[in-house]
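Working notes, beginning with the structure itself.
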Amino acid sequence: MTTAFTPTPSGAHVRAVHDPFHGDLLEISMGPHHPSTHGVFRMMVTLDGENVVKLKPVFGYLHRNHEKLGENTSYLGSMPYTDRLDYFCSMTNNWAYALAVEKLAGQPVPERAEYLRVILAELTRLLNHTCLAGFLLQDTGASGTPLMYAFREREKILDLFEALSGSRMMCNYQRFGGCRIDATPAWLAAVRGIVDGYGAFLDEYEELITGNEILLARTQNVGVLSPALAVSAGITGPMLRAAGVDYDLRKVDGYGLYPRFDFRVPLGAHGDTYDRYMVRMLEMRESIGILRQALAAIPDGPIMDPKAKIRGFRPKPGEAYGRIEGPKGEIGFYLISDGTPNPYRYRVRPPSLINLTVLEDLCLGHTLADAVIILGSIDIVLGEVDR
Amino acid sequence: METPEQIQARLAARFPAAAVTLVPNPAPAGMAALLVDAAHARQIAFFLREDPELKLDYCSNATGIDWPEKEIVETTRSTLADPAGGPPRTIEQKTKRIQPGYLEVVYHLYSMARKHGPVILRVRTGNRTDQVTLPSLTPVWRSCEFQEREIYDLFGITFEGHPDLRRLLMWDEFTGHPMRKDYVEPDDYEWEPTPHEEVLEKAKRHYAAPEKEGTP
Amino acid sequence: MSPAVWFGEVGASLLAMDWTPAIASKLAPTVFPTGQTESAFAERLPLLLRDAVTGSLPEPWRWLANSLIAIVAIIVIFASLFALLTLAERKILGRVQNRPGPNRTGWGGILQPLADGIKMLTKEDIVPAAADRLLHFLAPVVLLALSIVTFAVIPYGRHLVPVELDAAVLYFFAAGAATELAIFMAGWASRNKYSLLAAMRALAQLISYELPLLLAFVPVVMLAGSLATTGIVAAQGGWLGGVLPHWHVLTPPGFAGFVIFMIAALAESNRSPFDLPEAESELIAGHLTEYSGFKYALFFMAEYLGMCALSGMAVTLFLGGWHAPLAALEFIPSYVWFAVKLLALLLGFIWIRATFPRLRIDQLTRLAWKFLVPLALINLLTGGFWVLTTHWTGGMLVVRWAIALVLVVGPFLALGRQFQARYAPRTYRYA
Amino acid sequence: MLGTGLLKGLAVTAKNFVGSFHDPKRYTTVEYPEQPTKLPENYRNFPFLVFDGEQPIDGLRCVACKICEAECPPQCIYIIPDRDEKGRPTKKPKVFDLDVSVCMSCQICVEVCPFDAIKMDQHFEIATADRFNGLLLHREDLAKSDAYYHSIHPTEAAQVDEILAEAKRKAEAKAKPAAPAAPAAVKPPEPPAPAV
């Protein structure tokens with residue numbers, strides 16, 4: 001028989017709680033209202049001095065049974081709920097869901113809508129990675145400065161989303177077979193302006209922090225994720241690529257129009273926190289390239305398939321699993337239709353939750369302060385983890 | 001990548017004792033799933049992971065599905081020749097059949113090494129009440145760890161061999177499995193009645209009624 | 001060391017000092033040296049004001065009144081500086097982060113410290129049920145008291161030193177080091193696990209950084225030949241050609257000492273990037289987690305006062321104290337120069353806080369023991385060399401500077417290379 | 001050399017500090033109540049009901065078909081159709097309540113409405129001290145004129161007008177050969193094409 005992965009290696013590190021020589025272990029509950037757990041996330045941490053010997057995540061403080069809601073809502077009605085999964089990336093959540101439904105119903109999408117989707121997804125990636133860089137630095141203790149710079153840029157992208165879809169974060173923009181509102185030339189020009197200025201922002205940001213010796217010391221060789229564990233644990237997104245595994249759904253699945261664009265996939269070599277941070281920074285630069293190509297090539301045309309139905313949408317019985325490369329990892333939707341207006345089963349594959357599988361493995365042997373930045377580098381949003 | 005039929009044939013040859021059937025998927029882009037029996041599920045999973053052709057090293061998605069028992073009304077028509085020599089009569093006979101319910105776990109498997117997929121693996125429980133134990137595939141794919149905990153939590157499927165099978169999203173004292181189709185929401189999720197009027201009213205309705213009827 | 005024992009020792013040492021003559025002699029109405037510029041009136045103003053108040057008192061009581069006035073003046077001036085500093089810090093942080101900072105209270109936010117103060121005073125004072133009530137109460141009081149006593153020995157201007165001790169520098173660092181013990185008290189007494197971790201971090205930090213802090217100023221003492229702050233300032237008087245002041249920071253060992261001193265001072269005052277006891281993103285607020293209301297305000301005040309005191313000492317030791325940078329600028333009163341230098345250093349503290357992430361506790365101690373302490377020890381050698389070669393002139397002066405610079409920069413580069421071998425920016429490959 | 005990264009970072013923050021005084025690109029704060037920003041035309045928050053003419057209630061385009069009530073994902077709309085004294089539906093809502101504390105501004109009601117009767121508002125300063133009744137908007141609160149609609153969504157409103165005019169023309173053309181007095185036979189026009 002082949003080897004099974006050892007489940008959670010915490011047992012090996014834990015010595016007797018009452019050790020006469022070393023003293024007691026300290027068990028602390030980080031969260032659910034700890035400043036750096038990124039929401040209502042809780043970790044039961046056992047510390048030996050400052051070293052983590054055991055760490056058990058506790059979920060569910062934000063649980064609202066999203067999947068049950070999806071089963072009791074029409075296909076269209078679930079779309080605004082997907083915004084609220086990972087509220088940084090509503091556009092990619094929308095796309096993943098729309099993709100799954102389109103797969104289920106065999107619904108084609110017009111070319112302009114596909115272009116718009118790519119543009120919005122890449123803007124979302126910029127938005128998410130920028131915020132993550134800010135949050136990660138905040139977790140390492142920078143007094144808000146990188147975070148504020150990140151939010152300054154994020155605000156510009158959110159304004160774009162607002163101008164297009166009407167809402168900054170809860171965009172609810174994609175539809176089965178296209179998009180809801182067409183982009184005006186003025187909007188596309190605004191996107192071009194933001195994209196052109198983004199490189200300069202990244203340069204400044206990297207100058208501020210990437211070469212900073214304190215950051216190097218804090219993040220390098222901290223939370224090393226081995227490629228084998230990453231693959232087995234289903235880690236996806238930048239975290240997987242930081243571990244050196246080349247798996248980007250934009251290349252592998254080639255969904256949407258991604259095969260048309262020329263971009264590279266940055267890979268880390270160490271799989272530590274610094275790699276996770278840097279891979280995201282490099283991905284942003286690739287995203288800028290994709291955005292430039294998409295903005296140059298976007299054609300005119302309809303944005304909605306004329307046969308697509310808004311009201312009374314009932315796909316034939318069957319099932320489909322649609323997944324895309326979200327900024328946090330592979331976001332997938334698994335839908336089973338029984339021919340009624342509501343899906344029979346509506347499942348979200350949450351990248352944040354599954355990326356947390358290895359949290360304990362990464363944190364063991366590091367200090368409490370490292371646990372905080374490792375959590376920060378995993379990039380979770382509790383709306384998606386708890387659903 | 002091999003088609004599900006080819007995989008099924010290979011599995012049947014490799015594990016003669018295992019029951020591997022194909023579950024068709026009528027959706028336009030759908031592909032058939034492999035339904036394997038619980039007893040061999042882990043062996044087959046290991047095989048799929050290690051097989052050099054498939055190398056399905058990545059379990060993207062694991063989820064439960066609840067299929068409650070269904071009453072299926074089948075109509076059979078039989079034509080009877082009239083012994084009196086008249087026109088033959090058609091008799092419609094309706095038979096009610098109870099299709100037993102079961103819980104199902106679906107795994108979407110991909111290969112990161114070979115960049116193909118998916119292969120959809122399904123495992124079913126015996127029923128929805130007492131035979132709800134399935135082998136855990138966490139030893140095969142670590143990504144199932146939280147997902148199987150979630151299934152255990154929301155569907156009530158017990159995974160044998162799971163390293164840390166606790167509720168994931170609901171709190172430990174919670175009873176019931178919310179994602180089951182027949183789950184009835186309690187009046188109030190909090191244990192103590194809150195001062196919120198609506199909740200109190202609901203609670204009153206709920207707790208006073210049995211007394212009136214004299215049932216406990 | 002338990003707080004009680006420690007108090008005993010410090011108290012004993014303070015009692016053992018011969019106070020009265022020092023104060024009586026040094027604070028008596030002063031005779032100014034002749035040859036003052038025409039601004040002598042402004043220069044003399046603080047002392048004249050003091051004498052106007054205390055002059056009518058009988059001679060035996062005058063020293064007491066003088067000290068009381070000095071105490072009140074220090075508390076008033078530095079408490080208002082604290083208030084302004086909190087506002088300035090928030091404003092500067094805001095501007096660095098491209099936002100306006102507090103601007104709703106008063107004119108452009110000038111009343112924000114007042115509003116904060118009122119809020120702090122009116123908040124409920126919560127003591128955890130399991131806390132040690134006495135220590136929980138004592139910690140902020142002790143911290144603030146210790147922060148204030150350090151101000152006693154700083155020369156704020158010409159003849160403006162509240163207490164002129166012969167071992168003023170030692171007194172300063174003894175009192176300053178004790179503040180960490182107050183933080184330990186706070187963390188221990190709160191009976192909160194986060195606070196306890198903060199307390200442990202505070203102690204680790206104290207032990208690590210006291211050493212480089214003390215070693216850093218030894219070259220200065222060697223150069224000045226005095227442990228008294230007034231003596232050190234006096235040694236920095238004068239200019240080379242009226243332009244180049246004789247400040248210690250402008251000598252190689254003094255510069256190295258200054259940098260080490262400032263790094264250690266950042267750690268001593270628990271400021272970013274060494275704000276580990278208070279690490280917000282890790283320990284919520286560390287030792288402050290269980291404090292609210294007025295006690296919290298006291299902690300806050302003590303932190304800023306500690307920062308001011310350390311900056312004041314840095315000015316005294318390295319930046320020439322109250323001496324003007326150019327001979328031509330001497331007409332500006334000495335205490336103004338001191339204030340300008342002090343504020344510049346405080347701005348540096350804020351600037352650093354606005355930029356850097358935090359270190360980890362093991363890296364913090366490693367930085368102290370493996371980097372700052374060796375550098376400070378080598379700097380002792382440099383200081384010795386510099387003192388021994390004061391008589392070198394002409395071409396030998398170049399040799400003197402070259403050797404000193406090598407002694408300063410060489411070890412820094414060597415140790416830095418060690419760091420860079422471990423941590424360096426990386427290049428990435430693409431799939 | 002060790003420390004260059006730190007110095008570079010200090011330079012960047014200094015640049016931003018100075019830049020925030022003169023460079024509007026760096027200083028991005030908008031002080032909201034004093035400096036209102038212009039909302040984009042597509043901005044949406046909560047729905048309102050469009051009425052034609054002068055009478056808010058009589059002129060409502062809403063015919064109480066309850067499609068939006070059914071499609072609303074969080075179920076925040078509650079409609080009772082009005083009936084005349086004989087019990088026939090008058091094609092007007094008697095009750096049209098919208099709970100904005102439940103509404104999630106998804107705009108699905110607007111998309112599914114075949115009559116262009118419900119649209120998204122841009123008025124967002126609706127904080128109230130009464131969290132139950134103050135956030136439950138009734139028919140009277142929701143009714144807003146077509147002119148107001150034109151003022152907040154000019155492009156979209158112009159398109160809607162075209163569609164409505166087209167539908168009216170078709171209906172008239174259809175009604176002429178048939179019985180002239182059959183307004184009930186007006187077929188609902190197709191859902192409007194998504195606005196720009």
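Proteins come first, then strands; the chains are lettered A, B, ... in the order of their sequence lines, and each starts at number 1. Hydrogens, waters and symmetry mates play no part in the numbers below; they use all other heavy atoms, side chains included.
- Using a 4.5 Å heavy-atom cutoff, the side chains of C:Ile361 and A:Leu368 are not in contact.
- With a threshold of 4.5 angstrom between heavy atoms, A:Val222 approaches chain C through side-chain atoms but not through N, CA, C or O.
- Of the two parts of A:Leu267, the backbone and the side chain both hold a non-hydrogen atom closer than 4.5 Å to a non-hydrogen atom of chain C.
- Contacts between C:Pro273 and chain A at a heavy-atom distance below 4.5 Å involve the side chain alone, from C-beta outward.
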Is there any N or O donor on one of chain C and chain A with an acceptor on the other under 3.5 Å, and could you list each such pair with its distance?
unit_1   : atom_1 : unit_2   : atom_2 : d
C:Val96  : O      : A:Tyr149 : OH     : 2.7
C:Gln97  : NE2    : A:Ser143 : O      : 2.6
C:Gln97  : NE2    : A:Thr145 : OG1    : 3.3
C:Lys193 : NZ     : A:Glu27  : O      : 2.5
C:Tyr194 : OH     : A:Ser29  : O      : 3.1
C:Arg201 : NE     : A:Glu50  : OE2    : 2.4
C:Arg201 : NH2    : A:Glu50  : OE1    : 2.9
C:Arg201 : NH2    : A:Glu50  : OE2    : 3.3
C:Ser281 : O      : A:Ser36  : OG     : 2.4
C:Ser281 : OG     : A:Asp139 : O      : 2.7
C:Glu282 : O      : A:His34  : NE2    : 2.8
C:Arg353 : O      : A:Ser143 : OG     : 3.0
C:Arg353 : NE     : A:Ser143 : OG     : 3.4
C:Ala354 : O      : A:Thr145 : OG1    : 2.4
C:Arg358 : N      : A:Thr140 : O      : 2.7
C:Arg358 : O      : A:Arg218 : NH1    : 2.8
C:Arg360 : NH1    : A:Asp370 : OD1    : 2.9
C:Arg360 : NH1    : A:Asp370 : OD2    : 3.0
C:Gln363 : NE2    : A:Ala217 : O      : 2.6
C:Ala424 : N      : A:Gln220 : OE1    : 3.3
C:Ala424 : O      : A:Gln220 : NE2    : 2.7
C:Arg426 : NH1    : A:His270 : ND1    : 3.4
C:Arg426 : NH1    : A:Asp272 : OD1    : 3.0
C:Arg426 : NH1    : A:Asp272 : OD2    : 3.2
C:Arg426 : NH1    : A:Asp275 : OD1    : 2.7
C:Arg426 : NH2    : A:Asp272 : OD2    : 2.7
C:Tyr428 : OH     : A:Asp275 : OD1    : 2.5
C:Arg429 : O      : A:Leu267 : N      : 2.8
C:Ala431 : N      : A:Val265 : O      : 2.8

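- Around the CZ atom of C:Phe255, the shell of radius 6.0 Å holds no more than 12 heavy atoms that belong to other residues, nucleotides or ligands.
- Only the backbone of C:Ala424 has a heavy atom closer than 4.5 Å to any heavy atom of chain A.
- By the side chain to side chain contact (heavy atoms under 4.5 Å, CB included) test, C:Ala216 is found to be paired with C:Ile260, C:Phe261, residues two or more places apart in sequence or in another chain being considered.
- The minimum heavy-atom distance between C:Pro425 and A:Leu216, with the atom names listed, is CD-CD1, 3.9 Å.
- Residues passing the side chain to side chain contact (heavy atoms under 4.5 Å, CB included) test with C:Ile207 are C:Trp369, sequence neighbours excluded.
- If you measure heavy-atom distances from A:Ile373 to chain C, you find no contacts under 4.5 Å at all.
- In terms of heavy-atom pairs under 4.5 angstrom with chain C, the leader among A:Gly244, A:Pro266, A:Ala217, A:Ala369 is A:Ala217.
- The side chain to side chain contact (heavy atoms under 4.5 Å, CB included) search around C:Leu81 returns C:Phe78, C:Cys308, C:Leu342, C:Leu343, C:Leu346, not counting sequence neighbours.
- Neither the backbone nor the side chain of A:Leu147 comes within contact range of chain C; no heavy atoms are under 4.5 Å apart.
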